[in-house]
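Here is how names work: the chains are called A, B, and so on, in the same order as the sequence lines, proteins then strands, and each is numbered from 1. Not measured: the values here are computed from a predicted model.
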Protein chains: 2
Amino acid sequence: MSAEITARPKARTQKRTNDPEGMRKKVLDVAEEAFQARGYHASSMGDLMATAGVTGGALHHHFPTKKALALAVIEERVAAAVEETWIAPVRMAPSAREGVRSVFAAVAAELERQGFVRGCPLNNLAHELSLADPDFRIALAGIFSAWRQAIADKISADQQAGRELGTDPQRFAALAVASYSGAMSMAKTAQDASVLRDCLMALDQGVMSSKTGTRRRNRILHRAL
Amino acid sequence: MSAEITARPKARTQKRTNDPEGMRKKVLDVAEEAFQARGYHASSMGDLMATAGVTGGALHHHFPTKKALALAVIEERVAAAVEETWIAPVRMAPSAREGVRSVFAAVAAELERQGFVRGCPLNNLAHELSLADPDFRIALAGIFSAWRQAIADKISADQQAGRELGTDPQRFAALAVASYSGAMSMAKTAQDASVLRDCLMALDQGVMSSKTGTRRRNRILHRAL
DNA sequence: GACAAAACAGGACAACCGGTCTGTTTTGTA
DNA sequence: TACAAAACAGACCGGTTGTCCTGTTTTGTC
């Protein structure tokens with residue numbers, strides 16, 4: 001008679017959503033959002049399951065561990081975000097300096113528009129996870145490296161065209177990424193994007209201006225984007 | 001007879017250390033170290049108790065909650081660290097630019113010496129906690145603000161002496177702090193301090209050089225500290 | 001030395017964490 | 001339609017978390 005009890009079919013309360021690949025995407029969406037807003041350790045799997053409307057079994061099927069989920073967020077979402085908001089725009093810009101300047105200005109404008117600063121996804125996760133686990137650190141370091149390399153390559157391209165001959169590509173890229181990351185850190189902490197503008201203007205009047213006398217012009221063109 | 005059992009005096013295994021203020025300091029030391037190395041959420045009260053050699057009762061007496069402990073670390077330790085490594089040196093420097101440059105170089109040298117990058121304490125906690133709790137955020141934002149203000153004040157002092165007349169104090173300070181913070185983020189993620197040197201050199205050849213033709217000189221003087 | 005207050009000791013607890021397990025349903029393929 | 005594999009559902013567990021509580025010891029004060 002015990003077999004009769006244990007073999008009793010369980011009542012299923014949740015319907016299946018026959019949406020292939022949609023469930024994994026939804027979990028990644030929620031995880032990306034949560035890791036960005038609250039951080040990795042502060043986001044529990046239970047929270048993610050609840051907000052994503054996903055059961056534990058489903059989550060574990062796509063991502064065996066929490067680490068695997070975070071790794072997927074880093075490699076698929078964070079890397080894509082950097083590619084979209086930084087690498088591609090810089091590549092398409094008329095010059096490296098103009099590309100960096102326009103991204104800076106665009107992000108500052110976007111932050112002022114939505115009136116809330118959540119910080120740079122890459123920096124947020126990098127601070128929390130790069131010392132916690134080597135796999136995390138390597139993945140995050142790779143994104144940082146690709147980010148800088150894209151800017152350095154653009155400087156090299158400019159040099160191929162006879163411009164920026166006195167500029168070291170690696171150093172320029174390092175300063176661009178560092179000042180942006182640091183400015184975002186302060187903007188997030190102060191919940192005020194104005195420091196981003198301060199940094200952009202300081203760069204404009206110093207490093208960001210070429211040495212051929214375009215310093216005045218840049219200050220005027222700055223509002224164009 | 002039950003009273004006889006419940007009233008039985010408990011055996012005390014740990015001796016008292018009649019060291020007033022010493023216990024609180026020890027907890028703060030351990031917490032500062034742990035929050036810096038592993039972060040706030042990844043550091044459990046149990047770990048802190050164990051490594052500090054402190055019982056739960058003692059810890060709870062000095063710091064009723066984990067949040068109170070973190071707030072004390074921020075206000076007493078992180079603020080002091082920024083004061084010690086940045087604000088005081090900049091104040092004592094011959095000029096703002098020279099002060100910023102020397103701190104940058106000193107930190108880079110220190111990181112290369114110990115061969116391991118744990119990141120900026122302020123930035124580490126700021127990323128993890130500034131969105132988690134308003135009290136955290138305000139405390140951290142205040143330190144960032146004081147940091148920038150110290151540099152801006154130094155620029156103003158330079159201007160009082162007839163120098164740096166074309167430099168905006170707030171913007172200069174914002175760029176200095178941002179580029180340092182961002183460079184430390186990358187250095188921590190890559191576990192390589194060379195990006196700090198890259199940023200310093202980029203600043204030296206651009207923003208960090210005054211406009212009176214000292215650009216050459218700075219590159220030579222750079223190794224002096 | 002009396003005595004109130006501060007400074008601890010140490011256990012207990014409820015909530016929660018991430019992960020596992022078994023079982024059911026859908027899907028791809030022939 | 002048969003059937004193996006993938007995709008899920010949902011309960012379950014051991015360990016950990018932060019906090020609280022009661023009791024003991026030290027300290028300061030008159």
*Give a yes-or-no answer on whether the side chains of B:Lys188 and B:Asn124 include a donor-acceptor pair shorter than 3.5 Å.*
yes
_Please check: side-chain N/O of B:Arg137 versus main-chain N/O of A:Thr189, any donor-acceptor pairing under 3.5 Å?_
yes
*Can you tell which of B:Arg38, B:Lys26, B:Arg77 makes a salt bridge (Lys or Arg N to Asp or Glu O under 4.0 Å) with B:Glu32?*
B:Arg77
*If you draw a 6.0 Å radius around CD in B:Glu84, do more than 12 non-hydrogen atoms from other residues or ligands fall strictly inside?*
no
*Quickly work out the A:His60 NE2 to D:dG10 P distance and round it to whole Å.*
17 Å
_Distance, rounded to the nearest Å, where A:Phe63 contributes CZ and D:dA7 contributes P_ = 12 Å
*Can you check whether A:His61 has a side-chain N or O nearer than 4.0 Å to OP1 or OP2 of D:dA7?*
yes
*Helical bend (five base pairs per end, nearest 10°) for the helix from C:dG1-D:dC30 to C:dA30-D:dT1*: 30°
*asked:* Angle between ring planes, B:Tyr40 versus B:Phe136, binned at 30° and 60°: parallel, tilted or perpendicular?
replied: perpendicular
*First locate atom CD1 of A:Ile74, then atom CG of A:Leu140, and finally report the distance between them rounded to the nearest 0.5 Å.*
4.0 Å
*Send over the distance from B:Leu59 CG to C:dA6 C1', rounded to a whole Å.*
17 Å
*Within residues 38-50 of chain A, find the residues that approach DNA chain D with a heavy atom at under 4.0 Å, and present them sorted by residue number.*
none
_Shortest side-chain distance from A:Lys66, nucleotide among C:dG19, D:dC8, C:dG10_ = C:dG19
*Do any side-chain nitrogens or oxygens of B:His62 fall under 4.0 Å of OP1 or OP2 in C:dC8?*
yes
*Please confirm whether B:Lys154 makes a cation-pi placement over B:Phe172, using NZ or CZ under 6.0 Å from the six-membered ring centre and within 45° of the ring normal.*
no
*Do we see a donor-acceptor contact under 3.5 Å between the side chains of B:His127 and A:His127?*
yes
